Every structure is written in structure tokens, then in C-alpha cells.
Amino acid sequence: MRLRLHTFADSARGARDLATHLGTAPPALVEVHRFPDGETLVRVAAPVARHAVLVRSLFDPNTKLIETVLAADALRRSGAHTVTLVAPYLPYMRQDAVFRAGEPISQRVIGSLLRRAFDRVLTVEPHLHRTRHLAETFGRGARALSAAPVLAEWLRRAEGDILIVGPDSESEPWVRAIGRAAHRPWVFGSKQRLADRSVRIHFPPLPATTRAVIVDDIASSGATLAVAARALRRAGIRTVDAIVVHAIFTPGALARIRAAGVRRIVSCDTVPHPTNRIATAPLLAAALAAR
Ligand code: R5P
């Protein structure tokens, strides 16, 4: 057996799509037992191939991270020579610096935990800003896949004149890549985060258009999309839609975004959510097959 996928129940759908694209057997489910004291025991299913691939999207991450590194150990003890983690969403990536005295660099802490457990980490759009390459924190075998091509494809097929809008200057190269590939104009704002659910966004003068699509890598509290949408509507843009890669959407986020006048919200399937419309399995399968 060349390669076998293993997954947890919360990532089973994405893992099945990936297996279909790879032409491998359906993924084996990792069993999870929770002890009364809150500890977890995982058990991986035999047979374990020489090259094991564990698929898990690490949204809502704290318990999942522990279960995921335990499963990596179980796969090795069951015969895997290499263990790859496919984490379509990688958590703790935004804390990539000490922003205020007394804080950790969470990205590096999680990076060293996962690089010790896995030979290779594969993810999609992992919010790389101050860290230029995923391998710097997640080890030599780590690879970050850009979602820009699949977002651009979606936008290319959408009807009408569309202005692509990035909510902050950090997203500029990404928004530019999407705009160029989609053959659409783009613009980006400058964002200041005031608190977990509060941001301020300023846009330069906007070109005349009736429709804008905000693109962002993550939607969490929904504050960024809501504030950006209000600013665009104030500037006279009648229809505002949004496309995000990672649909975290904490409780109340979707309502906040819709109340700000966003008509349609679409996401990639890196985090399972009712807004998922854009598949990432083809990207992940191509990267795994090219190893
Ligand atoms: C931050 O820089 C990211 O690109 C997203 O804009 C941010 O994580 C969205 O978070 P929220 O939905 O809470 O505003």
C-alpha cells in the first residue's frame, strides 16, 4: 500500500474528497476516547501504510492539536515510516510576532510542536506575513498552498463588473494575485484592529462600480467583513459580496456580516461550514501527488 489517509470525524468529508482526487482507499477514521478527567486517547486503524497521511482541519484548535500529535505518534508506532499532516486550516498563525510586551509568538510554538510530530505539513493559505515561508516555522517539508487560483477562478466566472476588495494592506500581494488572475480591478484598504471584535478600515478613493467582492483569508468574528462592507456601501457600491478562505465564523459573525449589507458569502472548504462552495481537494491532491 503506497499511501493511506487517516482522519478524524470532524474532517471526514474533506478527507474523503482528497482520497477521491488521489485515487486512494477511503480514509480510515481515528477513534477518539475521552477520559472522565478530560484526557484523550486516540487509536488509529490498521493497516497503516509506509506513508501515512493524517487529514485534519485544526479550527477550534486546542483539543484538536493534542489529539493530532497523539495520532502522529500512534501512526509511527503502527508502522508508518513517514507521517504527513494535511491541515487545510492551520491555527495560531496570526500571532507571528510579539505585538505587546508579555506575549508569546504562538505561531512558532505551534510550528515546533507540529514539526516534531510530522515529517511534512501541508496547508492552505496560512496567513504568512512576517514569516515569509511556512518551512521557517513548520520544518523543511512544510508547504503552504495559495488559495488565490481557486478564488480567482470563482471570480473570473462571476457575472458583471466586479471590484475585488482586500480589507487590509497585509493582503495586498494576495489581492493583487487574485485580481490579475481573475482579470478584474482590485483595491485594498488599511485596517487597524481595536479589539477582538472591533476594527477600523480606511479605503482610498474607489473606482466607479456597482458591485464589489471582499476577499479575505479568514473570517472569524466577522468584524473585518462587516466594517469593510459598510464602508463600501457608504461609498455608493450597491452590491457587496464576500469570499473567504477559512470560514471560522464565530457565533454571531454571519448575522453581523449580513446586517452590514453583505449579500452573498462564499468560502473554501478548508473549515467545514454551510458557506463552503470552493473545493480545495484538487490543490491538496496535486501537492501530495508531487512529493
Ligand atoms: C487578519 O489580518 C485576517 O486577514 C482577517 O482579516 C481577520 O482574521 C478576520 O477576523 P475577524 O473576522 O474577527 O475580523
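Just follow the structure's listing: the first ligand is 1, and inside any ligand the first atom is 1. None of the values given here were measured: they were computed from a predicted structure.
- The shell of residues lying under 4.0 angstrom from ligand 1, judged by heavy atoms, excludes Pro167.
- Nearest-residue assignment for atom 5 (C) of ligand 1 (options Val199, Asp168, Thr224, Asp216; heavy-atom criterion): Asp216.
- In this structure Asp241 satisfies the side-chain contact (heavy atoms from CB on, under 4.5 Å) test together with Arg211, Val213, Thr239, Arg263, Arg264, sequence neighbours excluded.
- Heavy-atom contacts of Gly222 reach the following atoms of ligand 1: 11 (P), 12 (O), 13 (O) (cutoff under 4.0 Å).
- Closest protein heavy atom to atom 9 (C) of ligand 1: Ile218 O, 3.4 Å.
- Side-chain atoms of Thr123 and Thr270, non-hydrogen and from C-beta on, never get closer than 4.5 Å to each other.
- Note that CG of Leu288 and CG of Leu3 are 6.5 Å apart. Values are rounded to the nearest 0.5 Å.
- Protein heavy atom at the shortest distance from atom 2 (O) of ligand 1 is His127 CE1, 3.3 Å.
- For the pair Phe203 and Ala228, the tightest heavy-atom approach, listed with the atom from each and the gap, is CE1-O, 3.9 Å.
- The stretch residues 18-27 participates, sequence neighbours left out, in no side-chain hydrogen bond (donor to acceptor under 3.5 Å, both in side chains) pair at all.
- Both tests do not hold together for Arg115 against Phe138: distance to the six-membered ring centre under 6.0 Å, angle to the ring axis within 45°.
- Under a 4.0 Å N-O distance rule, the pair Arg34/Glu39 does not qualify as a salt bridge.
- Residue contacts with ligand 1 for Arg193 involve side-chain atoms from C-beta outward but no N, CA, C or O (heavy atoms, distance under 4.0 Å).
- Within ligand 1, the atoms closer than 4.0 Å to a non-hydrogen atom of Ala219 are 12 (O), numbered from 1 in the order shown.
- Contact annotation for Arg94 and ligand 1: only side-chain heavy atoms (C-beta onward) come within less than 4.0 Å of the ligand.
- For atom 4 (O) of ligand 1, the closest non-hydrogen atom of the protein is Asp217 OD1, 2.6 Å.
- Using a 4.0 Å cutoff on heavy atoms, Lys191 counts as a contact of ligand 1.
- At the top of the distance list for atom 13 (O) of ligand 1, counting protein heavy atoms only, stands Ser221 OG, 2.6 Å.
- Proximity of Ser220 to ligand 1, defined as any heavy-atom pair under 4.0 Å, is shared by backbone and side chain alike.
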Could you walk me through whether Phe249 and His273 pass the ring-ring contact (aromatic ring centres under 6.0 Å, His included) check?
-> CA-CA 9 Å; Phe249 294 121; His273 191 269; 4.7 Å; yes

